[in-house]
Peer 1: 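Okay, handing you the structure first.
Here is how names work: the chains are called A, B, and so on, in the same order as the sequence lines, proteins then strands, and each is numbered from 1. Since we're looking at a predicted model, the values are computed, not measured.
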Amino acid sequence: MRFSKMFIPTLREVPADAEAVSHKLMLRAGYVRQLAAGLYIFLPLGWRALDKINAILKEEMDAIGSQEISMPILHPAEVWQQTGRWNAIGDEMFRLKDRTGREMCLGMTHEEIMTWLASREIRSYRDLPQIWYQIQTKLRDEARPKSGVLRTREFIMKDSYSFDADEESLEKNYQLHANAYHKIFSRCGLKFYQVESDPGMMGGAVSHEFMAPSPAGEDEVALCDKCGYAANVELAKSIPSKIKTEDWEFEEVHTPDKRTVQEVSNFLKIKPEYFVKSILVIADQTPVLALMRGDQELHEKKLTKIIGSHRPAQKTEVKEILGVEAGFIGPMNQKIRIIADSCLKEGVYISGANKQHYHAKGIKPEKDFKAEWHDIHLAKNGDKCSRCGAELRIERCIEIGNIFKLGTKYSVPLKAIFLDEKGEEKPIIMGSYGIGPARIAAAAIEQNNDKDGIIWPKSIAPFDVEILPLNMNDSKTVEVAERLYKDLREKGIEVLLDDRDERAGVKFKDADLIGIPTQIILGEKNLKEGFVEIKDRRTKEAVKVGVEEVVDRVSV
RNA sequence: CGGGGCGUAGCGCAGCCUGGUAGCGCGCCUGCCUUGGGAGCAGGAUGCCGGAGGUUCGAAUCCUCUCGCCCCGACCA
């Protein structure tokens, strides 16, 4: 392509409402434009990059026997009603009515429709296994679209679905996908981790996420470099640092108006890890007391798995239920259900004394209070790995893909049944697998950029090579540029020729910004001696090469 | 949905407090000049000051409502 004919609206200044690096660079380099919150237009360069990513997705999907199909984006409500998700999902689903008043929605994912298809067409174990996939638009009315293309209300997704006769076969398809995903993300030049994750509303028991480390990400993962344990912090197990067991005897300490752990800690000059933090929550009308060590954070999702959905108690409720003001509550002599974090099992602690302006020192777990012990704290840097004891590290990541074992969650309600060898009816065992191509692009930029702009991994760059004829008024320059442009393309290399009548500086700046991996620089002086420069965008290293050698020296 | 911030030219911003009819830089257009890191000179175009209502002789500026966008949090197949 010729730069002069291609729509590449680069920006000198950063639009004010971009925060994430990838967002800023995608806007500045002319890859995307924003239509409204969470709605993005992909411009020619951006679309080419996505095409590259999608081509890789297709190759790797085809390689595991997954078959590409295309499903409607507009769905009738009934199918979603049958699985219960019509009601389970709230405002995140775009809903509408057709002209006859029939309720419809815009697809946010396709488990229902895929299963619907399977239910009509798959009869026998002989029809299994199947893997179907599509690369297609999804719509979700996100509460908070953010970070450019990373969280949007409309986005393209590669979603595949496996249909199996039994668990072993599902396991096989699950591993096929996991392996394919490793290949895909590696080929896209990303640094990534496969981590254990919470299946959430997708249902099913097992799921993994593929996470690309980046400060722009929304998730945190806990990683053990020694044994390889890797999990999203929403379920990561960890062992907080051990503390010394003090030989305090039980006593009540006057702590006037000192309520928070920090306040009491400062007042008594005792570190927060010697405190028990008591948090009252209300789960379905029933009060539950959650106990944390003073230096730990409660992880809501972990608690939800144990007691179901809940909310924090209001101040008046605390007084009503426990008979003492928030800030002075403790676990002793409580009649209500108590969930305590496992790390509190050992040690001697301080907590509220259940008495206004008093805290109790010398509390011994199991002796002074009973509780159900669970890991309900948020894993943090420096915690120990629950498997091998080595130190964990927490890294912020972008979720670029996920894989779920769904089991029969969708096949049962949608009656996707097959007859096995014995003629018995069985529900199809399913899995679902997603990848966000735009997130791959954004993550690639997040992981590969410098002060001058994007540095695309070769595999997903919108072009392989950019030719920079520095002076378009020099006939020799133009002649060589045109010849290289033609020869390289004939060799199957995708070339962007900056044929604009711009000064050298502008061309250099734009080339670095849009990030094509290889630049071929044609300067007058070099050309007179028969040389051009081949410059690597990433290292900025340039080599002088004879004009006739260029085509052979440029590899894809 | 809760908290915060911002809407003035294509982009980045000033002006608003203290009301008097719109400004800067970049970009854009024309010409000259220049061609190895966002050149220079000369000339030019561009605004419902997000929208609606109100106060006032007069509103970008003050007041009320509303819409939009961004950030933090909640939420997130």
Peer 1: Taking C-beta and beyond as the side chain, do A:C105 and A:W86 meet within less than 4.5 Å on heavy atoms?
Peer 2: yes

Peer 1: Across the strands shown, which category fits A:D510 at heavy-atom distances under 4.0 angstrom: base, sugar-phosphate, nothing?
Peer 2: base

Peer 1: Check this for me: does the side-chain of A:R12 come within 3.5 Å of the base of B:rG37 through a donor and an acceptor?
Peer 2: no

Peer 1: So A:S147, base contact, sugar-phosphate only, or nothing? Heavy-atom distance under 4.0 Å.
Peer 2: sugar-phosphate

Peer 1: Taking any heavy-atom pair under 4.0 Å as a contact, classify A:R28: base, sugar-phosphate, or nothing.
Peer 2: base

Peer 1: Tell me which of A:A504 and A:A37 sits closer to the 5' end of RNA chain B, going by the nucleotide each one is nearest to.
Peer 2: A:A504

Peer 1: At what distance, to the nearest 0.5 angstrom, does CZ of A:F185 lie from CD1 of A:I400?
Peer 2: 4.0 Å

Peer 1: Regarding B:rG37, can its base be found pairing with the side chain of A:D452 as donor and acceptor, where the two atoms are less than 3.5 Å apart?
Peer 2: no

Peer 1: Quick check: any donor-acceptor pair below 3.5 Å linking the side-chain of A:R144 to the base of B:rC71?
Peer 2: no

Peer 1: Students often get this wrong, so: under 4.0 angstrom with heavy atoms, is A:D474 touching a base, only sugar-phosphate, or nothing?
Peer 2: nothing

Peer 1: Taking the basic N atoms (NZ, or NE/NH1/NH2) and the acidic carboxylate oxygens, is any pair closer than 4.0 Å for A:R500 and A:D510?
Peer 2: yes

Peer 1: Taking atom types as they are modelled, is there a donor-acceptor pair under 3.5 Å from the base of B:rG27 to the side chain of A:E13?
Peer 2: no

Peer 1: Quick one: does A:E533 reach the base of B:rG36 with a side-chain donor-acceptor pair under 3.5 Å?
Peer 2: yes

Peer 1: Assuming nearest nucleotide by heavy-atom distance, tell me which of A:I435 and A:V506 is located more 5' along RNA chain B.
Peer 2: A:V506

Peer 1: Provide the distance between the two P atoms, one in B:rC63 and one in B:rC75, to the nearest whole Å.
Peer 2: 36 Å

Peer 1: Classify A:N526 by what it touches in the nucleic acid, base, sugar-phosphate, or nothing, heavy-atom distance under 4.0 Å.
Peer 2: base

Peer 1: Using a 4.0 Å heavy-atom cut-off, does A:M157 contact any base of the nucleic acid, only the sugar-phosphate backbone, or nothing at all?
Peer 2: base

Peer 1: What is the nucleic acid contact for A:A18, judged by heavy atoms within less than 4.0 Å: base, sugar-phosphate only, or nothing?
Peer 2: nothing

Peer 1: At 4.0 Å (heavy atoms only), tell me whether A:A16 reaches a base, stays on the sugar-phosphate, or touches nothing.
Peer 2: sugar-phosphate

Peer 1: What does A:E502 touch in the nucleic acid at a heavy-atom separation under 4.0 angstrom: a base, only the sugar-phosphate, or nothing?
Peer 2: base

Peer 1: Hey, is A:R151 close enough to A:E142 for a salt bridge, meaning N to O under 4.0 Å?
Peer 2: yes

Peer 1: Which part of the nucleic acid, if any, lies within reach of A:K146 when heavy atoms closer than 4.0 Å are counted: base, sugar-phosphate only, or nothing?
Peer 2: sugar-phosphate

Peer 1: Does the B:rG37 base have a donor-acceptor partner in the side chain of A:D512 within less than 3.5 Å?
Peer 2: yes

Peer 1: Within the 4.0 Å heavy-atom criterion, would you say A:N471 contacts the bases, only the backbone, or no part of the nucleic acid?
Peer 2: base

